[in-house]
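These numbers come from a predicted model, not from an experiment. Below, chain A is the first sequence line, B the second, and so on; all start at residue 1.
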2 protein chains.
Amino acid sequence: MVMETEKMTDTAPTVMPQSSGWALVVDDHPLFCDALELTLKSLQNFSEVQTADCLEAALAKLDASNSAPALILLDLNLPDVNGLDGLIRLKRSASKTPIIIVSSMTDNNIIKGAIAAGSSGFVPKHSARNVFRDAIEQIGAGNIYTPQGFVEGQEDDEETLAIARLSSLTNQQARILELICEGKLNKQIAYDLSIAEATVKAHVTSIMRKLNVQSRTQAVLVAQEAKFSKPLPKET
Amino acid sequence: MVMETEKMTDTAPTVMPQSSGWALVVDDHPLFCDALELTLKSLQNFSEVQTADCLEAALAKLDASNSAPALILLDLNLPDVNGLDGLIRLKRSASKTPIIIVSSMTDNNIIKGAIAAGSSGFVPKHSARNVFRDAIEQIGAGNIYTPQGFVEGQEDDEETLAIARLSSLTNQQARILELICEGKLNKQIAYDLSIAEATVKAHVTSIMRKLNVQSRTQAVLVAQEAKFSKPLPKET
DNA sequence: ATGCGCCCCCGACTATGGTCGGAGGCGCAT
DNA sequence: ATGCGCCTCCGACCATAGTCGGGGGCGCAT
């Protein structure tokens with residue numbers, strides 16, 4: 001599962017020497033955010049480092065900039081979004097740039113889901129600085145980084161499959177699925193997006209094909225499953 | 001919020017003197033289950049006490065018996081069902097018998113939801129024995145029991161309303177809603193229940209009316225909301 | 001017994017959801 | 001330039017979902 005189709009100018013041998021672009025850090029913990037920023041700057045690969053404390057802010061920064069960032073560090077458990085959903089949305093807004101997940105939850109399934117959703121790496125939040133450095137350099141070289149102790153596992157996990165399918169949706173398809181998950185009718189969706197109802201229907205059809213389901217109801221079930229992909233706390 | 005339409009034979013003044021029927025304890029923690037059983041027996045109001053360690057077993061015991069129990073003690077967080085859903089299903093199978101919720105989660109909203117779903121009382125799991133005794137006697141007298149420190153609160157909570165609506169469904173309606181939540185089509189549901197598709201549609205219509213929604217998609221959203229009515233664990 | 005309310009059942013009708021085929025635009029490789 | 005693939009868009013057609021009105025059974029109160 002290693003990308004080899006990395007495109008790079010012939011002036012760069014293996015790792016970009018310096019200033020391959022700007023980076024974005026998304027974390028709601030200010031101090032940790034700073035620490036990540038410093039780590040990135042110490043590598044001197046990035047011309048600038050921006051930060052955001054929630055997903056909305058991150059998406060806004062992406063919009064505001066005229067160029068895509070060279071790297072994104074993303075914390076799960078953001079205040080305004082839960083689960084892998086944030087990753088999927090972020091990935092959709094910057095499909096080319098690699099995203100490293102930084103999280104305190106190091107459950108094997110979470111990691112697998114994060115990779116399935118298109119992230120380029122996963123670093124436990126308690127890692128030492130040089131681990132972060134390693135991860136960033138690995139990903140700069142076009143590899144996927146996973147922490148030690150992560151087992152590749154069999155791919156036939158139903159939930160992982162669902163996540164992979166969800167992240168394969170187009171922007172427009174994702175927007176429509178979101179509206180479906182709010183219980184809206186095709187007609188309302190068409191009005192919201194200013195397109196014909198027939199178009200919405202066509203999108204719904206291809207969404208269902210990608211998610212491998214037969215009705216919009218099943219589609220929302222798959223979508224929900226990804227958002228609640230935590231082992232619920234067991235308590236006696 | 002106190003029931004006054006309690007029906008009782010004129011040989012019983014206020015509290016049943018003895019043997020008003022059998023009782024059922026549903027809890028997956030064996031020791032605690034025993035303790036509850038002993039507490040019930042010490043009251044000498046019940047001719048027999050049965051126990052179950054999961055919802056399926058509880059429903060089976062209800063089916064097996066030819067009479068409805070006089071009281072049910074139910075633990076939330078059972079292995080085979082999550083949230084208030086178990087309470088609703090149990091209540092539907094024994095609509096007449098009062099149910100006391102015994103749970104370690106004493107969140108105000110959970111309690112409110114439990115009452116909205118038709119339970120007759122809520123007792124924190126760490127309570128002393130005489131608290132349990134009080135609760136049981138209160139409920140035997142036809143009252144609702146809530147722990148001290150519980151504030152009645154305003155009723156306009158959206159989630160509480162949803163739960164109350166959910167528990168107002170008929171057996172057949174609940175069964176159909178369950179199948180809808182598995183993504184089945186009306187035709188399949190009709191086949192499963194051996195009724196005409198037109199009948200299923202009619203049920204769906206009245207389900208939507210009761211849940212106050214306009215489409216089956218919105219109906220499943222309401223149903224899901226009740227199942228995940230936990231504050232998700234916040235972790236940095 | 002009679003009426004009332006509730007539940008379950010159903011057929012015929014309308015609205016909405018989903019499929020099929022096709023148009024136009026855009027990036028990309030040759 | 002030309003062809004290929006992908007995305008977005010759309011109209012016409014069929015399947016499914018939802019509404020309306022009504023029949024029959026059952027418990028319950030008067």
Partners of [X] by side chain to side chain donor-acceptor pair (under 3.5 Å), sequence neighbours excluded?
X	value
B:Gln188	none
A:Asn186	A:Arg216
B:Arg92	none
A:Lys61	A:Gln50

Expected string for nucleotides 16-25 of chain C under the B/S/- scheme (protein heavy atoms, under 4.0 Å, primed atoms plus P, OP1, OP2 as sugar-phosphate) is SBBBS-----
For residues 172-182 of chain B, which residues have at least one heavy atom under 4.0 Å from DNA chain C?
-> B:Gln172
Atom pairs and distances, donor-acceptor, side-chain atoms in residues 206-214 of chain A, under 3.5 Å, two or more places apart:
| residue | atom | partner | partner atom | Å |
| --- | --- | --- | --- | --- |
| A:Ser206 | OG | A:Gln173 | NE2 | 3.1 |
| A:Ser206 | OG | A:His203 | O | 2.9 |
| A:Lys210 | NZ | A:Ser168 | O | 3.0 |
| A:Lys210 | NZ | A:Gln173 | OE1 | 3.1 |

Any donor-acceptor pair under 3.5 Å linking the side chain of A:Ser120 with the backbone of A:Ile139?
-> no
With sequence neighbours left out, what residues match [X] under salt bridge (charged side-chain N to carboxylate O under 4.0 Å, His left out)?
X	answer
A:Glu56	A:Arg89
B:Glu178	none
A:Asp134	none
B:Asp80	none

Side-chain N or O of B:Thr199 less than 4.0 angstrom from OP1 or OP2 on C:dC8?
-> no
The first and last nucleotides of DNA chain D lying within contact of chain B, meaning any atom under 4.0 Å from one of its heavy atoms, run from D:dT16 to D:dT19
Given that both distances must come in under 3.5 Å, which nucleotide forms a Watson-Crick or G-U wobble pair with C:dA29?
-> D:dT2
May I ask which nucleotide in the shown strands pairs with D:dG21, Watson-Crick or G-U wobble, both distances under 3.5 Å?
-> C:dC10
